[in-house]
Structures are given as structure tokens and as C-alpha cells.
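Just below is one structure, and these are the notes that go with it.
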Amino acid sequence: MRREIIDRLERALGAAAVTTDDTELLVYECDALALFKNKPDAVVFPANTEQVAEVVRIANEYRIPFLPRGSGTGLSGGAMAIDGGIIIELQGMNRILSVDVDNRFAVVQPGVVNIHISQAVAPHGLYYAPDPSSQSACSIGGNVAENAGGPHCLKYGMTTNHILAIEAVLSSGEVVRLGNPAGEAVGMDLLGAIVGSEGTFAIVTEITVRLLPKPQAVKTLLAAYKSFEECSQTVSDIVAAGIVPAALEFMDDNTIVAVEASVYRAGFPLDARAVLLIEVDGFSDGLTETAAEIIEICRRNNAYDVRVAKDEEERARLWMGRKGSFGAMGRISPDMMVMDAVIPRTQLPGVLAGIERISERYRLKVANVFHAGDGNLHPLILFDSRHQDQVDKILIMGEEIMRLCVGVGGSLSGEHGVGCEKNDFMGMVFTESDLESMACVKRVFNSSGLLNPSKVFPTGRGCTEIGRPGTTSTEEIGRKVEKMLLGQKQ
Amino acid sequence: MVKEGTKHPELYLDCVHCGLCLPSCPTYRVLGTEMDSPRGRIYLMRAYDEGRTKITESFVEHMFRCLDCRACETACPSGVHFGEMMESMRAEIVTERSAHWLSRLVLKHVFPYPWRFDLASRALQLYRQSGFQGFVRSTGLLERLAPKVAMAEALMPEAEIESGVALESFHRAEGRKQGTVAFFTGCVMNSMMGSINQASVRLLTAAGYDVVVPGNQICCGALANHAGLRDTAREMAGKNVSAFDAKDLDAIIINAAGCGAMLKEYPVLIGGAEGFASKVQDISEFLASTRIYDRLRIPIERRVGYDDPCHLIHGQGVKAQPRMLLKSIPGIQFVEIEGADQCCGSAGTYNITQNELSMEILDRKMISIRKANIEILATGNPGCMFQFRYGARRAGISLEVVHPVELLARSLD
Amino acid sequence: MTIDGITPGKVLRPESIDELSQALRAESGAVVPLGAATQTCFGNPLHRADCVLDLTGLSRITEYNPADLTIHVEAGVTLGQLQHALRENNQFLPLDPWNGPQATIGGIAAANAQGPFRAAGTIRDWIIGMKVVHVDGRISKTGGRVVKNVTGYDLAKLYTGSLGTLAVVAEISLKLRARFARTATAIVRCENAAAAGRLLSAIRHSPLSPVSCEWVGPENTVWLRFGEHPSAVDWQIRNLPAADWKIIEGADESAEWEKLRRQYHELGSVMLRVIGLPSTVSEIVSEYQPHAWIAHVMNGIVLMSVSTGDEIRAIRSRYRVVVEKAPAEMRREAGTFAPAPAEYELMKKMKEAFDPEGRLNPGRHVDGERRN
């Protein structure tokens, strides 16, 4: 990056808040999707909205791409500087500005960690509902960008249902405020469009979130099964019975082994083929009956062990185990690829069997841990990036799993976003015309096109660098894998 | 396990880059920069191993800015052995870059600030006994610092120097004998905070154990190891292992968390240390399972808080036992401090080498302490105790900082 | 038929999305999409209307998957028709907009129409996908057919509430929920506004979680509706703050809420939606002394009847206000939404991006607002 631009940034933010040091830039070359990486030209650490806007104006002046970043826990490369440019790191803006207990909302800066909101308002009996598995680390700004989900979205809705108002910097550097603390949409819902726009519409610099009163009572159940089918049928039966669980999570045997080998071991049965983690909450009255009804459904579907968490500590442990499960894969595999797809929940048995077939064919293990209640799958492909053939295979394998899910009426992502991971798959679910409408909206918010470019929309070029240096295009990988698979058959 | 030759792929491959460690890291919490997070540091180590970066000045800076508190290990779902990785990386840096960086760091951060010599001089006492001496001399540092250090040393309060437990001594169990333990005196504890060692031995004998204090023990080597002086650390580990006759002991007791974590990890450094390491227990870990409770009879009617030393909670996984012991003192009002499991910023010599950052971390800690409104703070590591005493002075809080064994001993009938 | 005093040149009634697309492709004038015409006086007055697109012909439920709790309907399907279809599987769409069961789903979405059932949000929160036809006849979709989805931008949020000024909503996919095992309503008449305010404050600070919590004035009645597991409903009824509550259930309950719905339509010819906070609802009522009001207390919203444009301006100086209903001239003068400058600019650009010639419902939304 030119000295002149660095000088401008340093003058705007102070020298300590700008880095162009090669070693330091290295750690910003990817987010939690470490498979794709590209180094930014600079990382800046603004302290307030005005500084963010100033960086954006400077970037505009020199026509440099820029993008926001929070904790870098995103799984679709949303915070990866695919075209280089400036990463605007918002970690420094991490204050909870105000809490209105009476009206149940909090005003926070984007760098605040999701769970810190709930911790801060817990003394008032309130909490912030969306709970992505990374909630102990992910930033609320990132949640807004990705419209993050989590297990409890089943009952309480996604991030978009909990964001009441924002302050945001548009790609021109203009600062806008949208929404109101009552959460009442007024006409065209611009705020609703920005939530989930994967950091390509605006940089959100202040967020008003809805707080909910903690439920009077919670019951958490763990049911163990010897087959996927019985597990899936339980999910369907719970839904058919008209029960709205707070969460309904599925973990298979591979996942259980990994979690039980980690610091988050929770006592998941190692002999199960799969377990369901089911939670119901609400008024104490009626909850015991609902839990009993669920236990009955589990037993009817041959759950060989059903237990109810006896106290808050056991409940917390079960959830820590579930939420630590992606990370725990490191216990059983050097690398993993987290997939995210949604299917109509009735398609679970067929799709799980299909994934198993794909896994066998490519000879790479898949662990399944996902939000069964809303059909949001997370197949985790386990591989070793030191073997280039495995790196090559997972991309094709991932695509095959996606096609399987889309084929039954599903979708590419339930909560992780498209980013630069699945943008070339967008054609599987959207037509040119669909994409044109999206592009139309993007042009309004991101008129300069400099904000987080080459994301969401198909680029046809894949990511800048896939896995290790030396790999090139996806087509080439495709050919290689095809050859490999043919070779195996012979 | 770390391979010889300082490459450590098996260790960093455990990291899946999920980022769950970030908020647990004290430097990340203060700085908000990825390169000062556990994930970022691992990423840099991996990049170095893969030849994508060299050991640049900023590389060194970020590696040494780590407190080595291991809070990230407690948060890591993937079980990354961060401490091991960091120590072997530091060892590699020291080998690769000789020692000039340290000289620069100390000169940059200590030299211009006279008040820091107060801290530096205490640390120097550590240097003498911890194997740093030869190393520091080789950098030419001492000559440049010596005059001012001598002055600072002269200013040090006499009262802090207390005699400890004599080496090569034996202390008989009170009442019916339950077993025999050996006591690891630690260098700082015994020379500067000797009363803590005396209290420890009193508690052990009160609990019914014969206590032997082997004579050939030396500094555990933790400071050398954290600073990347691996060979020095290995040598010290070897001497200590042979000083204790582990197989005839019920336990080897240590009351400094940093030393305890180090002793337990000797097998990582040298072969044949498994027997020794398996016997090592922190004093609170050991006492919690003894009959000591019956002897805690003198009430202490004070508001007492406990802060987890990183090398006890994260390094050794000891969290409940010290709390359990303190709570069993009659009359005590035990207060849980918010963020007790987070580092105080002391981290060995960190408060000297990374002073600004250390102070920022300390200031945040003192806010929670003030909130807890306690009269006495107990914590089981000398570095942390120094840091808290300094922190209380700095924040203008009247606070008695003690080792948990001091309170327990006060309650002994 | 006239809308805002304009008689449209022609009315087309397409019976499929393709026909709708063809109609739009063929039309070159101002196009006004219309459902059951239950809320034609909401939004800014139309500037022109060359062609009305009557969407009641798009009345098919295209797919209903009870086990997946999803349904896909054409825009002209009415809310009544939808709820009826869901009933057999003991499911429902948890909405009760004031414009009633005859309103079309497309119309409810276009206006983001709402009623007293507020606990589950508005239709915005239940839409999982949408198919729209653009002014040039192009068809595009957003979202999908699954209950949780972040694939691509959520344009349904933009179309919802944009009053048919960006594109014509043709098909909507909705997620559903199981009907409440039991509902019950508690109504009490308070002595005066201050007493009602105290009671409502007690309710807000209690563990009760009503799905509707309405304060109706000037008679000062408080309406609470509970819907949950039967035991949870019972518990809440038992734990109501002390007052002379009338508890109603079953057919009586529906009839009573239907009465309130009618009352809404009789609040007055000028009605505002004042957006405050739960804690400021009492203050809003006591400060502006409306002739009549219905407040969604848990949401901080007061629907109130006023008389003059000056009153609207006065309230707008303190609160965000949407003009729910008013004579055309007053709506033109005040503007329905009165967006802030930066918001106005964005809305305007959005409108221009989707409808560069300004032919979709011209004047209805941002193009009929004054720039503040």
C-alpha cells in the first residue's frame, strides 16, 4: 500500500491504530474459514463511528476495497480480504453503551461479544436470545452481518428478529441510523435488508438489541439412539405433536467422540449412534407435562436412554459440549470443513443417508452435528490439509452435499452465510433474475462497490488461494478429483 | 509431544481456527488484535514453520507479549497445548535471534522509568537463582543496568525478606501419621516470602504428614522456560528430579502455582520425569483431601476473595480446592470475584518486560476487586501476590494480599 | 372504483404469475397492485393510476407441508382462506391484522399490516421466501422454502412494508406454528387512565407474557390474551394483578376480539401510529389526550385518533409517527412515514433502482413523502 495512503490512515486514527506490518497482516488473512486466505494491505482499528467513516472516505478516495471484521469467527469467509485492501477491525469498539431494563433493550457497539450482552443484563433477569455456537467469542456486529443463528433460534428466531435499530456507515462514508428501539418497522424495511447482508451493504457501528426475560423454567433432555432414522423420526414427531422446543439438536457418533475427548466433555454416551439434545422452556406450569410428552415420543422411537439434566450445572455442561463441538473436531482430525445447509426437516433421514454415501465414496469422514428442529445441517468434513489430495476432494465433496440438500428443496446456508465460500454455488438456488434483484439492492447500499467485494455473488473464479499455495482453479481440482475417483473404481 | 528440532506441527494442527479462545486471552481483551490472541499466535507459529514468515521484530514482540497464562487452554475445545507450543517457539526465537531482542525490550521498557526498578530489582533476585544470570550477562545487560538496580535494591523494604524453611530439614506429623510428603521450597517463596513456606509446612504436619525438605532442590526453571531458555530449564529439571525420591512419597508439595505447573510438565522437557511429575500437587490440591478441616478452628471474620493464579487454574486445572479450603475457615465471608479466572498481568517477568499492557490488565482486575469490596485477597502464586500488592497501592485500595495457606494457618488451633 | 380520488383507466385480473408478468410487461403506465382493497387509504395518496392489477385471481395455495410447518401461497390468498387450510393440521399463522380475514396475504405483506397479536412479531417475521414480479415483468425470488435460511440477501424484508412500490408480490412462503393448546382472554375496565397506567405497569413488570396486551381508550379497558400450554395459561390467569378481571374463552373470546377489531375501524378518520416505548405509553396518552386510542402496551405503540395536521406535527416533534389513516389531503401534507433525511435518501434510491420510471404505485411510499 502506498505510503501516502498509510499516512492518511495514520493521521485519521493515530499510528498505533494502523498496521501494514507483514507479520501482523498475516493473521488477518482469514477468518474461521481458514481454507481460504488472502492478506489485506492494511488493518485499521478505529475507536468510533467517525473514524470508521473517515477510513471509508479515504478508501473511496483511493478506490481501495475495505471490509469490516469482528472476532473472525465467521465460517464463510465474510471477513476475508479477498481483493486485498483495508480490513476495518471493530474489536476496539466493544462497549455496552446502555441498557434499558424497563423497555428491554441494550445499545451496544459492534465489537461486543455476543455472550457478554447476556452476562451484563443477567442481574436484571434478561438475556439476548440468539446464541450461535461461537457466542463466547463472536461479536454482535458479525452476528448482524451474517444474521447469525444458533440452537435457540428454533423458538426465538434469528438475529434479524432481535435487532431493533442500528447506526451504520455506508460504502460512501455516509452515516445512517435506521430502526427504533420499539423495533417497529416503518415502511420499507432497510434495517431488515442490512441484517444478513454479510458486510456488503454497510458497516454497522452501533446496534440496539432486543432483550428477553429469562424463561421461568427450562428443561433439557438428552436422548440416545442406535440409528439416525429413529432420531430423525423423533424430530418429526415432536413437531407433529405441536410442541415448540426452545432447541432441538442432533449429534452423531463422530461428534460425540470428539466432544468427549475435549475439555468440553459432557457425558454424551459413547455407544450411541446419535443423540438429540432437546430443550423446552417457558412457565414452570405445563413444562413438566411437555417434557414428559417428549420423553414418551423419544421412547416410542426406541431411544435407549433418555435423561433430563438435573440442574443448571448439568444443563450448562451439555450445552458447552454441543457448542464446543466444531472446535472439538481438532481432537479427531487435523482439519475440518464446516458445512451449513438447510433442508425441509422431513427430508432428514434421506439426506443423512445420502451424506453417508458421499462420505464413503470420497473416503473422508463426516461428523454431523446440527439444528435438527429447523433442518439446519452442519456436516463437518474431516480431512488433513497436509495431503493435497484431501484438500482437493473436500471442495468437490462439499459441492455434492450441497447439491443433495438443494435437490430436496433445501438451501445453501442456514446461518453461516455465503461469503466467498458458496458464492459460486448461488446458481444452484437462484436464477440470473433473482441475483439481479439482489445486485440492484447492493448497488443502492454499496454504491462504490468497494465494501467487501467479491462476496455473495458468483465470481466464477473461486477464492484467491485455496488451502495451500500451489492450488489453482476449482475446475482443475474438479478434473483431478474426477481422475482420482475413476482411478479408485478401476 | 514436541519433536526435537523445534518444529511443532502436531501441536498446531490441533487448532481448527475457531476463535473460541479469543475472549479468554488477557492481551486480546486489552488490545483487540488478532496477533495478540492465542489463535493469532498459533497462526504465526504455523506460518513460520511453513516458511511463510521469518522471525521478524513484530513476530518476536507478539510471541513475548503472551502472558503464558494458558487461559486459552481452558477455553479450547480442541485441546491445543498452547503453553508447550509457546515455550518451544520462544526457545526457537532465543536460539535464532540470540538474545539481543531481550536486551532491547528491557532497555526500551525498563530503563527510562525509575519506578520500574522497584519491580526490576525484585525480578533480579529471581534472575540470580533462576538460571538467567549467565544469559543476562551474555547480553551485556547487567552492566548497563547494574548501578540503578543496586540503588533500587537498596530501597526495597526489608520487611518482605523473611526466612523460609530450611533445606535438608524434616518436620514430624502431628497426631496420627497419615503419610510422608516432600516439600518443594521454590526460590522466591523461600527467600522473599518465607513465612508462606513455614505456614505450608505447619499445615501439612497438622494434617498428619511427615514433611521432608530435600537439600539438592533448586529453582524449578519456569522463568527460564517461559523466556525460551530451554536448555537451562532442562538442566534444572534434571537436577530437581534427582533431588526427590519420588517413589517413597505420597506427594511432592509446591505452593507456588507457576512452579507447580512447571514441575508437572517436566516430562515434556526431559525423559524419566513421569514418576516425579505424577506426585507433584499444589498445596491446596493436596490439603483439600486431608483431615485439615478439623483443625481450622480459629475464626477469621473478614471479607475474603480468591483470585485464581493462571498456572493453577489453567495450568493445573485446580479451581475448586482453594475455594473449598478458604470457605471452611470459621467466620469467613467468602466473596467470589468477577473474572477471578483471568490473569492479573503479572506473569513472571511480564510486568517488567511488557509494563504498559501488564498495568492495563491489572487495572481491569482491580476494578473487579474494588467491586467485590473485600478486605483480604488470597492467591497462590508469589508473582500474582506482588502484582496485587502493587495494584492495590496503585488503585489506592486498602487490601491485604495473602497466600491461602497464610489464612489457613492463622485459623489453625 | 376510485382510490385517493383517482379512477384507474383499467383493471386487469391475472390468474397466474405468468399472466401477471405478461400484464406488467405490456403495461407502460402507472400500475396499482391491489388485493382485497382493505387498506387503500394507508400510504401516501397515489399520483396516478392507469391500471389496477387485481391480484385476487392469484388465489392458490401452491404447496402446504404440514410436517415441515411451511406453506407457499399466491399473493391473492386471503388470511381467512389460509387459516382455514391450516386448521385441519392444528397449525396457524400467528397474526391478526386489523384488516381482517378477508385481507390478502400479499396485501398484508405489502403494508406489513398488524393487529393486537404482537408477541410473535409481524408477517415480516414469518415470511421465509417471496416471488415478486418487477415493473418490467421480470420475475425474481428471494429467500427459499425452508424455515431457516441466510442464502443471499433477504429482499423479502424490503418488499414487506414497501406498499407495492418496489415490485408486485406474487407468491409468499411462510413458516407456521402449532395452534396454542389453549387461549384465554382477561379484560378489565379501569377507573381512569392513571389507574390503567398503574395496572399496565404492574403487568409489564410481572412474569406474565401475554400474546396481546391492549389498552383501549377512552373507556380505559385493558385486554390481555394468553396462549400457551393450558397449565401455563391457567398459571398466568391465576397470577393476574388484582383487579376485577373478566375471563373469557372459546367462541366468546373470538367474538370479543372481533368487537375490538371493529372498534379499531371506528377510532376516527385520522389515526396515527405513535411509536414510543412500553414505559412511555401512558405518557403519550396523557400528553396528547387523543379522542380514542388502542395501545399495544408491550411494544410501546399507541394507535390514536387525532383531528388536525398540527397535532400530527406536534407529536412528530417527539415521536416517530406513522399515519395509519387520514383523508388524502392530510396524508399528502404530513407524509405517511416521514423518514429522516438519510433514510429518505436510501429509500428514494431503492425506489429508483427497482422502478426507475416511477410507475409502481406512484406516490404511495417514498415518492410521496416530503423531504425533511
Side-chain angles (χ1 to χ4, degrees), chain A residues 102-103 146-147 149 153 157-158 160-161 174 176-178 180-182 184-190 192-193 196-197 216 236 239-240 242 244 282-283 285-286 289-290 342-346 374-376 409-415 417-418 426 429-430 433-434 436-438 440-441 443-444 456, chain C residues 65 67-70 90 112 121-122 124-125 138-142 144-155 157-158 160-162 177-179 181 207 228-232 234-236 275-279 299-301 320 322 336-337 339-340 342-343 346-347 349-350 353-354 365-366:
Chain A
D102 199 7
N103 294 303
E146 302 293 337
N147 188 15
C153 288
M158 307 273 286
T160 187
N161 305 107
E174 191 190 354
V176 297
R177 285 187 161 272
L178 299 169
N180 50 69
E184 183 77 353
V186 177
M188 202 185 288
D189 186 1
L190 298 168
S197 61
Q216 220 177 45
S236 298
V239 171
V244 186
F283 289 96
D285 285 42
E289 290 103 301
T290 307
V342 201
I343 53 166
R345 62 201 121 201
T346 44
D374 38 30
N376 186 184
S411 192
L412 298 177
S413 175
E415 54 186 13
V418 173
M426 286 287 271
V429 285
F430 291 119
S433 172
D434 303 339
E436 173 46 34
S437 298
M438 290 180 198
C440 176
V441 176
R443 283 192 294 268
V444 171
V456 183
Chain C
N65 304 312
D68 288 323
L69 284 169
T70 58
N90 216 20
N112 196 21
T122 66
R124 157 196 198 276
D125 302 296
R138 182 170 65 86
I139 299 171
S140 80
K141 68 172 183 301
T142 173
R145 301 169 86 79
V146 284
V147 297
K148 187 179 182 189
N149 193 1
V150 296
T151 315
Y153 302 138
D154 189 359
L155 304 192
K157 293 280 187 302
L158 272 182
T160 304
S162 66
R177 63 156 291 157
R179 286 175 67 83
E228 290 272 357
H229 191 281
S231 312
D234 288 343
W235 186 89
Q236 293 187 81
I275 303 169
L277 288 167
S279 65
N299 305 77
I301 288 160
R320 190 78 199 260
V322 176
T336 298
F337 302 113
E343 198 181 4
L346 269 177
M347 286 182 172
K349 282 185 201 153
M350 199 65 75
F354 276 92
H365 196 300
V366 65

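Naming convention: chains lettered A, B, ... in sequence-line order (proteins, then strands); numbering from 1 in each chain. Predicted model, so just to flag it, every value in this text is computed and none were measured. Only heavy atoms go into these numbers, but all of them, side chains included; no hydrogens, no water, no symmetry mates.
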Discussion item. Using a 4.5 angstrom heavy-atom cutoff, name the option from A:Leu412, A:Val444, A:Asp189 with the most pairs to chain C.
Written reply: A:Asp189

Worksheet item: At a heavy-atom separation under 4.5 Å, does A:Met438 approach chain C through its side chain, its backbone, both, or neither?
Response: both

Discussion item. Report which part of C:Leu155 has an atom under 4.5 Å of a heavy atom belonging to chain A: side chain, backbone, both, or neither.
Written reply: side chain

Item to complete: Say whether, by atom type as modelled, one donor and one acceptor occur between the side chain of C:His365 and the main chain of A:Met188 under 3.5 angstrom.
Response: yes

Worksheet, complete the sentence: Heaviest contributor of heavy-atom pairs below 4.5 Å to chain C, chosen from A:Asn147, A:Val418, A:Thr346, is A:Thr346

Worksheet entry | Residue among C:Ala67, C:Ala178, C:Ser231, C:Gly300 with most heavy-atom pairs under 4.5 Å to chain A | C:Ser231

Practice prompt. Heavy-atom pairs under 4.5 Å with chain A are the metric here; pick the option from C:Asn149, C:Val147, C:Asp154 that has the most.
Written response: C:Asn149

Worksheet item: Based on non-hydrogen pairs under 4.5 Å, which of A:Pro181, A:Ala182, A:Gly414, A:Gly192 is most in contact with chain C?
Response: A:Gly414

Item to complete: Mind ranking A:Val239, A:Val441, A:Asn161 by heavy-atom pairs under 4.5 Å with chain C and telling me who comes out on top?
Response: A:Val441

Worksheet entry | For chain C, the option from A:Arg177, A:Glu289, A:Met426 that forms the most heavy-atom pairs under 4.5 Å | A:Glu289

Item to complete: Under 4.5 Å heavy-atom distance to chain A, tell me which part of C:Leu158 shows up: side chain, backbone, both or neither.
Response: both

Practice prompt. For each of C:Arg124, C:Arg177, C:Arg179, tally heavy-atom pairs with chain A at distances under 4.5 Å, and name the one with the top tally.
Written response: C:Arg124

Fill in: Closest-packed option against chain A by number of heavy-atom pairs under 4.5 Å, given C:Arg138, C:Arg145, C:Lys349
C:Arg138

Discussion item. Which atoms of A:Ala185 are under 4.5 Å from chain C, going by heavy atoms: the side chain, the backbone, both sets, or neither?
Written reply: both

Response to the item:
Heaviest contributor of heavy-atom pairs below 4.5 Å to chain A, chosen from C:Asn90, C:Leu346, C:Asn299, is C:Leu346

Worksheet item: Counting heavy-atom pairs under 4.5 Å to chain A, which of C:Gly121, C:Pro278, C:Gly144 comes out on top?
Response: C:Pro278

Worksheet item: Can you say whether C:Thr160 sits under 4.5 Å from chain A via the side chain, the backbone, both, or neither, judging by heavy atoms?
Response: backbone

